[in-house]
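Take a look at the structure set out below.
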Amino acid sequence: MSDAAAPAPTPPGGSAGGPAYADRLRRAAVEAADSGLAGLIVTPGPDLDWLTGYRPPPTERLTALLITPGERPRLLVPALERPDAERAPSASSLSVTGWTDGQDPYAALAPLLGPKDRYGVSDNAWAQHLLGLQRACPGVSYGAFTEVMPMLRAVKDAYEVERLAAAGAAADAAYEEVTGLRFEGRQEREVAADLARLLLEHGHSQVDFTIVGSGPNAANPHHDAGERVIELGDMVVMDFGGLKDGYGSDTTRTVHVGQPTAEERKVHDVVREAQQAAFEAVRPGVACQEVDRVARQVIRSAGFGEYFIHRTGHGIGVTTHEPPYLVEGEHLPLVQGMCFSIEPGIYLPGRFGVRIEDIVVCTESGGRRLNNTAHGMRVVA
């Protein structure tokens with residue numbers, strides 16, 4: 001297995017030219033039926049965007065896409081938003097219906113649902129809307145997408161892998177630039193602001209997080225960059241990412257201000273070895289939990305097992321965290337086209353921490369890294 005730039009996989013239905021919304025809608029209907037569901041109810045958010053390219057704001061007015069196997073997908077929208085819905089990239093594959101203020105939108109959707117059927121519903125559907133549907137359809141049951149169809153967006157086509165690779169390259173460029181700036185004597189939040197600025201300069205439309213943890217703060221995996229002044233001798237964990245062209249970036253590197261101690265080098269080397277071993281374990285058919293086990297075994301063998309306190313990775317796509325999850329107990333096999341982070345870490349409370357993270361895509365022959373900055377200890381000023 002190699003991390004060389006290999007051709008992006010193209011699972012069935014994939015398209016390198018752009019989002020294949022009609023294919024995605026058909027695939028969602030097939031997967032719903034295979035999961036024993038009567039259909040899917042999709043509300044504004046990443047699922048609706050991924051399936052249709054339609055991005056209305058979530059509001060108290062109900063917008064819902066109903067996908068029923070064997071039928072044309074139906075999009076129910078507030079009447080004042082219908083013109084925008086009819087201009088969505090997927091509009092030719094949908095039947096768009098409007099409802100007006102003063103009408104009960106749940107009553108409009110209810111006749112389209114089987115009276116005692118089970119439907120998958122978007123994870124981020126507002127409780128207000130789900131409760132409204134429950135009142136209108138008391139015999140219908142619902143399951144969250146991550147429970148009933150966790151793999152819906154997990155397998156990426158060639159177009160999506162290209163977008164993720166571009167986002168990863170932009171994040172890499174931001175890292176290369178930020179490490180040329182001064183760290184010592186500046187607050188964590190100042191370095192975080194540099195990272196945010198650089199992500200935007202390199203094409204991101206949205207910055208989601210810029211974690212900068214220095215010294216003892218580096219032992220907190222999700223430290224919020226604060227006012228601590230970075231000092232000579234600090235280990236600094238930088239975890240940052242956002243959205244570029246609708247797809248996520250997420251990478252972590254740990255640098256050192258001045259020359260590290262032998263212990264700090266050892267810990268960094270152990271994390272680097274764990275990250276590499278987990279990467280080499282990636283191939284189709286391997287259970288997600290096995291990648292976690294491989295990384296954890298390296299760290300455990302080095303005597304730091306109790307200090308690796310989170311899963312090894314998570315899926316990424318139109319959201320930063322989505323299935324698959326590389327964690328103990330996840331038996332789902334890796335599939336060609338899945339994209340996920342590999343990010344083991346060691347966190348020594350009150351002292352320092354180390355994490356190294358790349359986004360990786362599962363290819364036919366193994367793993368392909370979408371982040372390609374060096375993994376070795378980088379010394380900054």
Side-chain angles (χ1 to χ4, degrees), residues 11-14 20-52 62-76 90 93-95 97 106-127 129-157 160 284-289 314-315 317-319 321-338 340 362:
Y21 294 116
D23 288 343
R24 291 177 182 180
L25 289 164
R26 283 192 291 269
R27 173 178 152 195
V30 169
E31 291 192 20
D34 290 345
S35 300
L37 301 170
L40 305 176
I41 299 171
V42 189
T43 58
D47 291 314
L48 184 63
D49 184 6
W50 184 81
L51 284 163
T52 68
L62 176 68
T63 293
L65 171 69
L66 176 63
I67 300 175
T68 305
E71 298 184 12
R72 186 178 178 83
R74 302 176 177 92
L75 181 62
L76 179 67
S90 59
S93 299
L94 306 172
S95 294
T97 304
Y106 310 109
L109 187 57
L112 305 178
L113 305 181
K116 295 184 178 181
D117 287 338
R118 180 170 175 79
Y119 291 83
V121 64
S122 302
D123 287 6
N124 58 344
W126 282 17
H129 296 316
L130 186 56
L131 291 170
L133 282 173
Q134 288 176 330
R135 287 192 298 271
C137 312
V140 174
S141 61
Y142 306 91
F145 276 9
T146 52
E147 294 178 359
V148 297
M149 290 182 58
M151 295 296 107
L152 176 62
R153 302 197 323 254
V155 178
K156 274 62 180 178
D157 61 26
E160 293 183 286
V286 171
C288 289
Q289 68 175 4
H314 58 80
V318 293
T319 57
H321 284 197
E322 59 186 51
Y325 295 103
L326 308 184
V327 65
E328 183 67 30
E330 181 51 84
H331 301 281
L332 286 167
L334 296 180
V335 175
Q336 181 185 357
M338 283 182 174
F340 43 84
C362 181

Review point. Stepwise, does the side chain to side chain contact (heavy atoms under 4.5 Å, CB included) test hold for Trp126 with Leu62?
Key: CA-CA 9 Å; Trp126 282 17; Leu62 176 68; over 6 Å; no
Donor-acceptor list for residues 129-142 side chains, cut-off 3.5 Å, not counting sequence neighbours:
residue, atom, partner, partner atom, Å
His129, ND1, Tyr106, OH, 2.8
His129, NE2, Thr59, O, 2.9

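- Not one N or O on the side chain of Tyr21 forms a donor-acceptor pair closer than 3.5 Å with the backbone of Trp50.
- Considering only residues two or more places apart in sequence or on other chains, Ala22 meets the side chain to side chain contact (heavy atoms under 4.5 Å, CB included) condition with Arg26, Ser93.
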Name every donor-acceptor pair, under 3.5 Å, that has one atom in a side chain of residues 37-45 and the other anywhere in the protein, sequence neighbours excluded.
none

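- Rounding to the nearest 0.5 angstrom, the gap separating the OG1 atom in Thr68 from the CG atom in Asp117 is 9.0 Å.
- Within the structure, side chain to side chain donor-acceptor pair (under 3.5 Å) pairs that include any residue of residues 28-42 comprise Arg27-Glu31 (at least two apart or interchain).
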Exercise for review: Dump the intermediate steps for side chain to side chain contact (heavy atoms under 4.5 Å, CB included) on Leu65 and Leu25, then the final yes or no.
Suggested key: CA-CA 10 Å; Leu65 171 69; Leu25 289 164; 4.1 Å; yes
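- Partners of Arg118 under the side chain to side chain donor-acceptor pair (under 3.5 Å) rule, at least two apart in sequence or in another chain, do not exist in this structure.
- The shortest side-chain heavy-atom distance between Val327 and Cys288 does not fall under the 4.5 Å cut-off.
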What pairs of donor and acceptor atoms, side-chain ones from residues 143-150 against any protein atom, are under 3.5 angstrom apart with sequence neighbours left out?
residue, atom, partner, partner atom, Å
Thr146, OG1, Asp123, OD2, 3.1

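- Listed by first and then second residue, the side chain to side chain donor-acceptor pair (under 3.5 Å) pairs that reach into residues 321-331 are Arg153-Glu322, Lys156-Glu322, Gln289-His331, Arg293-Glu328, Arg311-His321, His314-His321, Thr319-Glu322, sequence neighbours excluded.
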Practice item. Under the side chain to side chain contact (heavy atoms under 4.5 Å, CB included) rule, what do Val318 and Asp47 come out as? Steps first, then yes or no, please. Key: CA-CA 9 Å; Val318 293; Asp47 291 314; over 6 Å; no
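- A search for side chain to side chain donor-acceptor pair (under 3.5 Å) contacts involving Thr97 returns nothing, not counting sequence neighbours.
- Of the inter-residue distances, the one linking Ile67 atom CD1 with Arg74 atom CZ reads 11.5 Å to the nearest 0.5 angstrom.
- For the 3.5 Å distance criterion, the side chains of Arg72 and Ser95 qualify, holding a donor opposite an acceptor.
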